Amino acid sequence: MLDMKLIRQNPEIVAEALRRRHSDIDLTKFQENDRLRRELLIEVEALKNKRNEFSRVIGERKRNKQNADELIAEMQVVSSRIKELDEQLQVCEATLNSLLLEIPNIPLPDVPEGIGEQDNVELRRWSEPRSFAFEPLAHWDLGEKLDILDFERGARLAGARFTVMKGAGALLERALVNFMLDLHTGKHGYREIFPPFLVNADAMTGTGQLPKFEEDLFKTTTGYYLIPTAEVPVTNLHREEILDDNDLPVCYAAYTACFRAEAGSYGKDTRGLIRQHQFNKVELVKLTRPEDSAAELEKLIADAEEVLQLLGLPYRVIILCTADLGFSSAKTYDIEVWFPQQGLYREISSCSSFTDFQARRAGIRYRSASGRTEYVHTINGSGLAVGRCLAAILENYQTEGGNVIIPEALRPYMGGKGII
RNA sequence: GGAGAGAUGGCCGAGUGGCUUAAGGCGCACGCCUGGAAAGCGUGUGGGCGGGCAACCGUCUCGAGGGUUCAAAUCCCUCUCUCUCCGCCA
């Protein structure tokens with residue numbers, strides 16, 4: 001959520017940001033309601049002031065056994081007017097709030113402007129894709145041949161976009177989770193969190209999934225939502241809190257399963273592990289001082305990249321253009337890992353700064369060194385998506401005989417196993 | 001799931017309609033005192049919104065939301081959460 005005062009005082013900044021995003025949101029309805037709200041507030045607060053003062057006088061008279069009938073009669077009129085105005089105010093504020101919740105974040109100045117995916121900019125590549133002396137298999141074919149991925153039985157149990165991992169496949173998935181968590185909590189200094197996988201609507205609103213993106217989420221009959229990413233519970237850990245300056249930055253790493261309805265992605269990535277309703281992810285989340293957030297985002301993506309470096313998987317980093325940027329994000333880097341069978345790089349991590357957008361929605365503040373309470377900046381990124389990582393290992397490390405070599409770094413987590 | 005008890009400021013805790021602008025204590029900050037410190041004494045101490053250049057003023061905030069009343073921490077209704085006991089359960 002944007003700062004109301006920014007929209008009020010510098011609407012041209014917000015309008016320009018919306019233009020860069022190619023958003024069709026119109027600010028005039030917001031501005032009208034904002035003006036109305038302040039008019040109502042000024043009137044109703046003056047009346048409440050009067051009511052408070054007169055109540056004091058009435059109380060005094062009653063105690064002294066004096067008559068206060070005319071004052072009470074007068075206050076009846078004032079009170080009913082207050083009630084009217086409060087009702088109008090409530091409607092006005094509800095409108096204002098729902099408008100505010102639908103305005104996306106302002107992209108940072110270094111985000112390239114664009115009209116679609118094709119305008120994202122590649123920043124760097126790490127390592128060279130291996131050249132194969134044979135035709136590499138897709139991970140779904142390889143996984144089925146090795147009997148470690150079972151798409152058919154996944155469909156039997158749940159439906160399309162669900163997979164069963166078996167034997168060495170299940171072990172590899174678990175090894176990746178542990179390897180990533182150990183790296184981030186050990187070398188990189190994150191604190192491990194194991195949060196609930198279901199959250200309430202307030203948490204989803206805090207990080208920006210609600211109210212706009214409800215159709216992407218799974219919801220229980222009892223009103224809970226299944227988390228689409230650990231970002232939701234972990235960022236909301238500190239909802240409605242004021243943190244101490246000394247505690248920043250707060251750095252958390254969390255493994256969770258993630259659940260996505262994948263509405264609107266019919267026909268996309270229908271085979272394999274790339275697009276599942278349920279997948280595993282290790283997520284990195286930071287709460288920082290505003291002045292540190294740019295540097296902390298760079299550190300976070302370096303932490304995520306190191307996972308791929310240690311696994312020896314070639315990747316590239318791109319920065320998303322304004323049109324491809326998520327609703328809550330001010331700046332997003334994607335890490336894309338090489339998939340040899342398709343011959344292209346595919347997203348395996350998305351690292352974003354949300355500036356104060358989520359913090360304002362979730363009420364996450366800190367007391368700065370100067371004593372002011374300010375909103376923190378929130379940052380998060382995948383470190384990494386586990387299923388896609390497993391798929392990348394299968395494809396990049398396959399042998400001509402249809403086996404898979406386990407990267408050195410993972411072997412301690414695989415009971416010393418070197419090959420599947 | 002059943003029964004009962006609770007939820008008050010950073011923390012503890014008083015408060016059954018107006019004298020509460022939330023008592024008192026602890027903590028914290030600053031000052032006095034001191035060679036320095038402790039103790040002691042004094043002062044201050046949340047957040048949101050609105051107005052104002054500012055100092056400051058107003059308003060809201062006693063788990064949440066409604067209601068009664070001229071007036072609600074206090075009375076009524078609904079909900080949430082916590083604790084205790086019972087039941088069920090990985």
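Keep in mind it's a predicted model, so treat the numbers as computed, not measured. Chain naming here is simple, since letters A, B, ... match the order of the sequence lines and numbering starts at 1 in each.
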(request) Pick base, sugar-phosphate or nothing for A:Gln90, based on heavy-atom distances below 4.0 Å to the nucleic acid. (result) sugar-phosphate
(message) So, OP1 or OP2 of B:U69: does either fall under 4.0 Å of a side-chain N or O from A:Ser79?
(response) no
(message) Rounding to an integer number of Å, can you tell me how far A:Glu241 CD sits from B:G9 P?
(response) 15 Å
(request) With a 3.5 angstrom cut-off on both distances, give the Watson-Crick or G-U wobble partner of B:U59, or none if there isn't one. (result) B:G48
(request) Establish, with yes or no, whether the OP1 or OP2 oxygen of B:A71 is under 4.0 angstrom from a side-chain nitrogen or oxygen of A:Asn52. (result) no
(message) Would you call the rings of A:Phe162 and A:His277 parallel, tilted or perpendicular, taking 30° and 60° as the class edges?
(response) tilted
(request) Once you apply the 3.5 Å cut-off to both distances, tell me the Watson-Crick or G-U wobble partner of B:G9, or none. (result) none
(request) Answer with base, sugar-phosphate or nothing: what part of the nucleic acid does A:Arg56 contact at a heavy-atom distance below 4.0 Å? (result) nothing
(message) Starting the side chain at C-beta, find the nucleotide from B:G47, B:G18, B:G51 nearest to A:Arg365.
(response) B:G47
(request) Examine B:U59: is either OP1 or OP2 under 4.0 Å from a nitrogen or oxygen in the side chain of A:Asn49? Give yes or no. (result) yes
(message) Using atom P in both nucleotides, what's the gap between B:U74 and B:A7 to the nearest angstrom?
(response) 12 Å
(request) Using the C1' atoms only, state how far B:U68 lies from B:C81, rounded to an integer number of Å. (result) 26 Å
(request) Tell me whether the centres of the aromatic rings in A:Tyr345 and A:Phe339 are closer together than 6.0 Å. (result) no
(message) So A:Lys50, base contact, sugar-phosphate only, or nothing? Heavy-atom distance under 4.0 Å.
(response) nothing
(message) Is the phosphate of B:G50 approached by A:Arg8 (side-chain N or O, under 4.0 Å from OP1 or OP2)?
(response) yes
(request) Just compare B:C70, B:U59, B:G67 and give me whichever is closest to any side-chain atom of A:Ser55. (result) B:C70
(request) Might you point out which heavy atoms bring A:Ser382 and A:Ser349 nearest each other, and give the distance in Å? (result) O-OG, 2.6 Å
(message) Let me spell it out: for each of A:Glu45 and A:Glu87, pick the nucleotide of RNA chain B with the closest heavy atom. Which residue's pick is nearer the 5' end?
(response) A:Glu45
(request) Identify, between A:Gln76 and A:Lys62, the residue whose nearest nucleotide on RNA chain B lies closer to the 5' end. (result) A:Lys62
(message) What's A:Leu41 touching, base or sugar-phosphate or nothing? Going by heavy atoms closer than 4.0 Å.
(response) sugar-phosphate
(message) Any strand counts, and the cut-off is 3.5 Å on both contacts for Watson-Crick or G-U wobble. Which nucleotide pairs with B:U84?
(response) B:A3
(request) Could you work out the separation of B:G10 and B:G46 based on their C1' atoms and round it to a whole Å? (result) 8 Å
(message) Please check this pair: side chain of A:His188 against backbone of A:Gly186, looking for a donor-acceptor N/O pair closer than 3.5 Å.
(response) no
(request) Return the nucleotide paired to B:A29: Watson-Crick means purine N1 to pyrimidine N3 with N6-O4 or O6-N4, wobble means G-U with N1-O2 and O6-N3, both under 3.5 Å. (result) B:U43
(message) Over all strands shown, is A:Arg63 touching base, sugar-phosphate only, or nothing at heavy-atom distances under 4.0 angstrom?
(response) base
(message) Side chains of A:Glu395 and A:Gln342 only: does a donor on one sit below 3.5 Å from an acceptor on the other?
(response) no
(request) Could you give the distance separating B:G9 and B:A14 at their C1' atoms, to the nearest angstrom? (result) 13 Å
(request) With P as the reference atom in both, quote the distance from B:A22 to B:G58 in angstrom, rounded to an integer. (result) 13 Å
(request) Could you verify whether a donor N or O on one side chain and an acceptor N or O on the other, from A:Ser350 and A:Asp334, lie under 3.5 Å apart? (result) yes
(message) Taking any heavy-atom pair under 4.0 Å as a contact, classify A:Arg367: base, sugar-phosphate, or nothing.
(response) sugar-phosphate
(message) Using a heavy-atom cut-off of 4.0 Å across all strands, would you classify A:Lys48 as base, sugar-phosphate, or nothing?
(response) sugar-phosphate
